[in-house]
2 protein chains.
Amino acid sequence: MTQKLTQRITINDVASAAGVSRQTVSRALNDKGEIDRETKQRVLDAARDLGYRPSRFARGLVRPDTTSIGLVIPDLLNPFFTEVAAAALEAARARGWHVVVYDTADSLEEERGTLQVIGTQVDAVVGYFSLSEAELDEHTRGMPVVLIGRQSPRFSSIRIEGAAGVRSAVDHLVSAGHRRIGMLDYANRADPSDRHAWFCAAMATHGLATDAVTTAAQSVAGGAEALVELLDRHPDVTAVFTFNDIIAIGALRTVRRLGRELAVIGFDGLQLGTVVDPELTSVALDTRRIGALAVEQAARLLAGAEPLAGDDLVVQAVLLLRESA
Amino acid sequence: MTQKLTQRITINDVASAAGVSRQTVSRALNDKGEIDRETKQRVLDAARDLGYRPSRFARGLVRPDTTSIGLVIPDLLNPFFTEVAAAALEAARARGWHVVVYDTADSLEEERGTLQVIGTQVDAVVGYFSLSEAELDEHTRGMPVVLIGRQSPRFSSIRIEGAAGVRSAVDHLVSAGHRRIGMLDYANRADPSDRHAWFCAAMATHGLATDAVTTAAQSVAGGAEALVELLDRHPDVTAVFTFNDIIAIGALRTVRRLGRELAVIGFDGLQLGTVVDPELTSVALDTRRIGALAVEQAARLLAGAEPLAGDDLVVQAVLLLRESA
DNA sequence: TTGAAAGCGTTACCAT
DNA sequence: ATGGTAACGCTTTCAA
């Protein structure tokens with residue numbers, strides 16, 4: 001005898017249906033003692049018949065606070081973000097938190113939409129945003145916000161520091177005898193990336209030229225094409241560093257198809273890199289640490305405790321040697 | 001002048017700090033008109049100073065219902081589940097729903113824990129469960145539940161139907177001349193899998209033997225090892241069908257390393273299959289449809305509308321030809 | 001064992 | 001422009 005929920009069914013409806021008071025219903029539903037077995041059963045039946053579901057809001061208002069955070073990710077299908085998300089989920093679970101996940105599909109519009117509705121749902125927000133600080137501030141209204149991979153004077157942020165890791169990568173290539181090392185950068189940005197800057201700095205320490213740089217689309221195909229182009233322009237290149245692992249995997253494919261000998265080092269250190277053959281050497285980010293750190297910082301902000309600062313918020317990339325270089 | 005939140009700061013605290021009434025605070029914070037600019041500013045300042053954040057519960061109690069669902073996934077890092085999760089997120093977003101994601105880490109214990117806390121947080125639950133129906137029922141207490149890939153008389157469920165797809169795969173291999181076709185099944189289950197049954201049925205239609213079956217661990221390495229073993233025992237095998245794409249990718253690696261010629265067909269049709277070389281041919285599941293269907297069914301259950309039933313809840317696997325077979 | 005009343009924090013309606 | 005009062009749905013005291 002389920003019925004349509006045109007109007008919300010409340011505890012009062014159940015109470016009158018069962019011929020008891022609200023409190024008795026509450027007791028029956030929450031397995032409190034001090035209630036007649038028979039009464040309890042009658043209430044339970046009534047509740048089931050009516051399709052009654054307690055309002056989580058009303059309940060939350062009265063019971064000890066559960067905390068939940070919003071996790072904002074540009075694209076859950078991108079393995080890097082998947083790893084960060086999984087890590088954040090794990091860290092949140094350890095605290096007994098709930099995580100509401102939003103995939104903004106790399107779109108500013110979706111980001112805005114998310115921000116507008118998120119405020120009423122969560123106690124803090126963690127993740128990736130491309131919106132301006134002003135816009136973020138306007139919608140989050142003092143709610144704790146932890147940005148990942150983006151500096152901000154206004155909000156807490158997890159900083160990604162890759163200079164040392166990229167230097168190790170270049171050192172590694174150089175000591176293997178490589179001198180002409182190219183790079184596949186990410187195309188979709190106006191400026192060259194941080195990673196490009198780190199690459200140039202590392203090359204400079206060896207007095208090596210950094211003219212062999214091409215941009216690639218953010219996909220396996222993009223990496224594959226970009227490497228063809230790069231080798232076309234700079235046939236003497238014997239090794240490449242790439243913006244990320246996806247692009248590197250594409251590059252690896254080109255290497256294989258061309259039957260060429262070429263060292264490849266990616267960036268991110270995804271588990272995905274172990275799926276390809278040869279397994280991908282990469283400048284690795286500890287995605288679990290990123291997720292855990294973001295959640296930890298949110299916890300401190302929420303508790304009004306001393307927030308992490310400075311180096312505690314930095315995630316250092318390190319060279320992860322596998323097979324491709 | 002932020003202060004520790006030993007006690008929750010309410011709208012009343014802000015009101016008295018700003019020397020106005022609750023309602024005025026509410027107006028100021030929610031950008032309602034009809035308020036003096038100066039008063040508004042004073043309220044906003046007070047709120048910021050106190051670190052005031054509205055209770056989402058109190059707000060939810062009063063404002064038009066937002067609906068949110070729980071999405072329960074055994075392992076977000078498994079690309080198959082990632083795809084389903086992304087699809088569910090997208091479908092939920094289209095409805096303006098919030099999705100609370102739980103990764104149960106393939107553990108019954110975590111599943112139980114999730115179930116216990118989920119009831120107070122969401123309006124419906126969608127996802128993968130290994131718990132008994134009785135246990136599920138006990139904790140969900142009449143909340144709509146949509147199971148994926150698991151039949152249940154008690155709950156709605158999305159059924160995965162792969163017989164036809166696997167038959168296509170076997171047909172494809174046979175018409176390419178293969179007669180000795182092996183299978184790498186998943187090891188962690190007591191019984192052979194559905195997929196194994198589908199494989200045997202398909203082979204039977206060609207009068208082919210199904211003795212060349214080994215089990216593999218659910219990983220790339222597992223697939224690689226299992227294929228070595230299989231070829232060891234059945235050197236005449238010229239093609240293999242695998243429990244899923246991960247295992248297939250491992251098999252592909254062995255094929256490459258052994259320098260053998262062997263057709264491989266996986267199951268799932270993951271995007272991941274385009275990353276390897278050769279790209280993986282697979283019996284593909286439409287993960288977007290799975291996610292969308294689960295959410296759609298949850299919507300109907302929530303609205304008290306006629307739920308989907310029968311074939312509408314079935315997702316058919318289809319052969320996705322790429323390069324590995 | 002059961003019920004009446006109070007209160008959780010917020011917004012809406014109606015005065016002022 | 002601002003404040004008082006009621007209401008949202010539930011749980012928790014406290015009496016009966």
Side-chain angles (χ1 to χ4, degrees), chain A residues 5-44 46-47 50-68 117 119-123 141-143, chain B residues 5-44 46-47 50-68 117 119-123 141-143:
Chain A
L5 316 172
T6 51
Q7 193 73 39
R8 171 155 207 117
I9 294 166
T10 77
I11 196 171
N12 288 308
D13 301 325
V14 179
S16 53
V20 297
S21 69
R22 295 211 283 293
Q23 307 70 315
T24 304
V25 175
S26 177
R27 275 190 282 258
L29 260 40
N30 296 304
D31 275 324
K32 302 286 180 193
E34 323 234 326
I35 184 175
D36 191 272
R37 282 199 64 76
E38 194 180 319
T39 312
K40 177 169 177 179
Q41 195 51 55
R42 188 151 39 92
V43 170
L44 258 28
L50 263 40
Y52 167 69
R53 314 232 43 256
S55 151
R56 64 171 187 281
F57 294 114
R59 193 172 258 178
L61 201 51
V62 170
R63 292 233 268 224
D65 264 11
T66 32
T67 113
S68 64
V117 297
T120 67
Q121 291 289 315
V122 301
D123 303 307
R141 283 213 179 286
M143 165 166 40
Chain B
L5 317 172
T6 50
Q7 193 74 37
R8 165 151 214 122
I9 295 165
T10 77
I11 198 172
N12 288 307
D13 301 325
V14 180
S16 53
V20 297
S21 70
R22 295 211 284 291
Q23 306 72 327
T24 305
V25 174
S26 177
R27 275 190 282 258
L29 260 41
N30 295 305
D31 274 323
K32 302 286 180 193
E34 322 235 327
I35 184 174
D36 192 271
R37 283 198 64 76
E38 195 179 318
T39 313
K40 177 171 177 178
Q41 194 52 54
R42 189 152 37 93
V43 170
L44 257 29
L50 263 41
Y52 166 70
R53 298 193 319 98
S55 150
R56 65 171 188 280
F57 295 114
R59 199 171 250 179
L61 201 51
V62 169
R63 292 232 269 224
D65 263 9
T66 33
T67 113
S68 64
V117 297
T120 66
Q121 291 289 316
V122 300
D123 303 306
R141 282 211 180 287
M143 163 164 42

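These numbers come from the heavy atoms of this one structure, side chains and all, not from hydrogens, waters or symmetry mates. A, B, ... follow the sequence lines: proteins, then strands. Residue 1 opens every chain.
Remark: B:S26 engages B:N30 in a side-chain hydrogen bond (donor to acceptor under 3.5 Å, both in side chains) (not counting sequence neighbours). Looking at residues two or more places apart in sequence or on another chain, you find a side-chain contact (heavy atoms from CB on, under 4.5 Å) between B:A46 and B:V14, B:A17, B:A18. In terms of the side-chain hydrogen bond (donor to acceptor under 3.5 Å, both in side chains) criterion, residue partners of A:T67 (sequence neighbours excluded) are, by chain and number, A:W97. Every residue two or more places apart in sequence or in another chain that forms a side-chain hydrogen bond (donor to acceptor under 3.5 Å, both in side chains) with B:R56 is listed here: A:S68, A:D123. Take B:S16 and apply the side-chain hydrogen bond (donor to acceptor under 3.5 Å, both in side chains) test, not counting sequence neighbours, and it matches no residue.
Separating the CZ atom of A:F57 from the P atom of D:dT11 is a distance of 15 Å, rounded to the nearest angstrom. Distance, B:I11 CD1 to C:dG7 P: 19 Å, rounded to whole Å. Rounded to an integer number of Å, the gap from B:L50 CG to C:dG9 P is 14 Å. Put simply, CZ on B:R56 is 15 Å from P on C:dT11, counting in whole angstrom units. As rounded to whole Å, 17 Å separates atom C1' of C:dA12 from atom CG of B:D31. Rounded to a whole Å, the CG atom of A:N12 is 12 Å from the C1' atom of D:dA7. Per the geometry, CG belonging to A:L29 stands 13 Å off P belonging to D:dT12, to the nearest Å.
In this structure, B:A28 and B:V43 approach most closely via the heavy-atom pair CB-CG1, 3.7 Å. Closest approach of A:L29 to A:A47, counting heavy atoms only: CD1-CB, 4.5 Å.
Between B:R27 and B:T39, the closest side-chain pair of non-hydrogen atoms is not below 4.5 Å.
The side chain of A:L61 has C:dG9 as its nearest neighbour among C:dT10, C:dG9, D:dT11.
Summary for the helix from C:dT1-D:dA16 to C:dT16-D:dA1: the axes at its two ends, each from 5 pairs, differ by 40° when rounded to the nearest 10 degrees.
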Please list each protein N or O that sits under 3.5 Å from an N or O in nucleotides 2-5 of chain D, with the distance.
residue: D:dT2; atom: OP1; partner: B:T39; partner atom: OG1; Å: 2.7
residue: D:dT2; atom: OP2; partner: B:D36; partner atom: N; Å: 2.9
residue: D:dT2; atom: OP2; partner: B:T39; partner atom: OG1; Å: 3.4
residue: D:dG3; atom: OP2; partner: B:S21; partner atom: N; Å: 3.0
residue: D:dG3; atom: OP2; partner: B:S21; partner atom: OG; Å: 3.0
residue: D:dG3; atom: OP2; partner: B:T24; partner atom: OG1; Å: 2.6
residue: D:dG3; atom: N7; partner: B:R27; partner atom: NH2; Å: 2.9
residue: D:dG3; atom: O6; partner: B:R27; partner atom: NH1; Å: 3.4
residue: D:dG4; atom: N7; partner: B:Q23; partner atom: NE2; Å: 2.3
residue: D:dT5; atom: O4; partner: B:Q23; partner atom: NE2; Å: 3.0

Practice task
List the steps and the verdict of side chain to side chain contact (heavy atoms under 4.5 Å, CB included) for A:V122 and A:M143.
Solution key: CA-CA 9 Å; A:V122 301; A:M143 165 166 40; 4.0 Å; yes
